[in-house]
Amino acid sequence: MTGRVTIAGLGPGDERLVTDEVRAALAAATDIVGYIPYVARVAVRAGLTLHPSDNRVEIDRASHALDMAAAGRQVVVVSSGDPGVFAMAAAVFEALEKRPDPDAFEIRVLPGITAMLAAAARLGAPLGHDFCAINLSDNLKPWELIENRLRLAARAGFAMAFYNPRSRSRPHQFARALEVLREECGGGRLISFARAVTTPDERLTTVPLAEAEPDMADMRTVVILGNPDTRRVGRFVYTPRSAG
């Protein structure tokens with residue numbers, strides 16, 4: 001082996017939700033690589049170098065991590081949530097695929113609690129039956145593909161969890177996503193907005209789809225649309241396991 005890279009999930013925000021396995025990897029690291037706000041969650045200490053970078057340079061970031069690992073550094077690539085869910089694990093393997101010697105690297109992926117699951121737990125159990133997760137950002141895929149997946153998932157009766165629903169650079173797309181969902185599902189399904197889950201800024205809102213507004217979501221929000229059987233019980237939202 002010429003290098004070892006660990007890809008670690010930092011969880012949704014509350015430091016108590018970081019696994020002991022990830023804590024141990026961070027403690028042993030010489031270099032931390034990741035998107036700026038995620039690297040900022042790692043405490044500075046002697047012998048540790050932080051390498052924050054922008055969110056649109058994932059492959060460059062992964063290649064840099066592999067280069068440092070090949071030079072003998074103990075590299076940890078960090079993501080929020082789980083690194084295998086719309087995050088850096090796939091980027092590292094994509095960069096590894098371009099190497100002439102991929103078997104020379106040892107890659108460890110350490111799971112974390114993804115925002116989708118943290119949000120569902122706070123809400124109750126909206127993902128209690130079959131569900132899918134869709135990233136609404138079109139940075140890496142065309143919007144036409146996203147819209148098609150929304151329609152097909154709605155027709156199949158899935159509950160859906162949406163990552164990256166709305167940003168300042170593409171504020172109109174979530175409005176279009178809501179239009180598509182209303183066309184396919186009607187206005188009665190419950191839709192939940194879970195912002196900054198497990199942090200002091202946490203905010204949970206559940207409304208019928210007909211009442212959902214685009215500005216209920218931003219990039220810190222996970223949106224969960226229930227299936228036709230999803231319902232409220234007290235302050236909770238859940239999807240029964242016996243649903244269709």
Side-chain angles (χ1 to χ4, degrees), residues 1-99 101-119 121-122 137 139 163-164 167 194-203 218-222:
M1 293 290 175
T2 62
R4 179 176 184 175
V5 174
T6 299
I7 313 164
L10 298 179
D14 189 332
E15 294 306 311
R16 294 173 298 177
L17 298 181
V18 179
T19 69
D20 289 343
E21 186 179 35
V22 168
R23 293 183 192 279
L26 297 175
T30 61
D31 296 84
I32 302 292
V33 177
Y35 178 37
I36 296 165
Y38 307 152
V39 172
R41 290 179 56 185
V42 179
V44 177
R45 59 171 168 79
L48 179 66
T49 302
L50 305 180
H51 304 270
S53 54
D54 186 74
N55 65 340
R56 291 177 181 255
V57 293
E58 289 184 345
I59 300 302
D60 291 343
R61 183 186 304 148
S63 295
H64 184 210
L66 292 171
D67 288 342
M68 289 192 292
R73 308 290 289 177
Q74 298 298 310
V75 183
V76 176
V77 179
V78 294
S79 294
S80 67
D82 182 281
V85 179
F86 305 125
M88 281 302 299
V92 171
F93 287 117
E94 186 175 347
L96 182 66
E97 193 174 12
K98 296 178 171 67
R99 300 272 164 156
D101 55 347
D103 288 335
F105 291 87
E106 179 185 350
I107 309 294
R108 290 194 307 156
V109 182
L110 305 185
I113 298 174
T114 184
M116 170 182 66
L117 300 182
R122 283 288 202 263
S137 171
N139 287 340
Y163 280 75
N164 301 319
S167 70
R195 185 180 188 278
V197 171
T198 80
T199 78
D201 297 325
E202 177 178 299
R203 185 173 68 246
D218 61 15
M219 286 294 284
R220 297 187 69 192
T221 307
V222 172

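As the structure is a computational prediction, the values presented were derived from the model and not from experiment. Any value given below was found using the heavy atoms of this structure, including those in side chains, with hydrogens, waters and symmetry copies removed.
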Between Thr198 and Leu17, does a side chain to side chain contact (heavy atoms under 4.5 Å, CB included) hold up when you go through it step by step? CA-CA 9 Å; Thr198 80; Leu17 298 181; 3.7 Å; yes
Between CD on residue Glu58 and CE on residue Met88, distance to nearest 0.5 Å: 5.5 Å
CZ of Arg16: more than 12 outside heavy atoms within 6.0 angstrom? no
Closest heavy-atom pair, Ala87 versus Asp82, reported as atoms and distance to 0.1 Å, is CB-O, 3.6 Å
Side-chain contact test, heavy atoms from C-beta onward, threshold under 4.5 Å: evaluate it for Leu96 versus Ile107 and give yes or no. yes
Using 0.5 Å steps for rounding, measure from the CZ atom of Arg203 to the CZ atom of Arg122. 15.0 Å
4.5 Å side-chain heavy-atom contact, Met68 and Thr49: no
CD on Gln74 to OG1 on Thr6, rounded to 0.5 Å: 7.5 Å
Using every non-hydrogen atom in the two residues, find where Ala8 and Val76 come nearest and quote the distance to one decimal. CB-CG1, 3.9 Å
Measuring from Met219:CE to Asn55:CG, what's the distance to the nearest 0.5 Å? 7.0 Å
Are any of the side-chain heavy atoms of Glu15 and Arg41 separated by less than 4.5 Å? yes
Would you check, one step at a time, whether the test side chain to side chain contact (heavy atoms under 4.5 Å, CB included) holds for Asp201 with Arg220? CA-CA 10 Å; Asp201 297 325; Arg220 297 187 69 192; 3.4 Å; yes
Using only atom types and a distance under 3.5 Å, with no angle test, would you say the side chain of Arg56 pairs donor to acceptor with the backbone of Asn139? no
Any Val77 side-chain heavy atom under 4.5 Å of Pro83 side chain: no
For the atom pair CG (Leu26) and CG (Leu48), what is the distance rounded to the nearest 0.5 Å? 8.5 Å
Please tell me whether Asp60 and Ser63 have a donor and an acceptor in their side chains that are separated by less than 3.5 angstrom. no
Just verifying a value: how many Å separate Asn164 CG and Thr221 OG1, rounded to the nearest 0.5 Å? 10.5 Å
Looking at Thr19 and Val22, would you say the former's side chain and the latter's main chain have a donor-acceptor pair under 3.5 Å? yes
Decide side chain to side chain contact (heavy atoms under 4.5 Å, CB included) for Phe105 and Val92; before the verdict, give the C-alpha distance in whole Å, the side-chain angles of both, and the deciding distance to 0.1 Å. CA-CA 11 Å; Phe105 291 87; Val92 171; over 6 Å; no
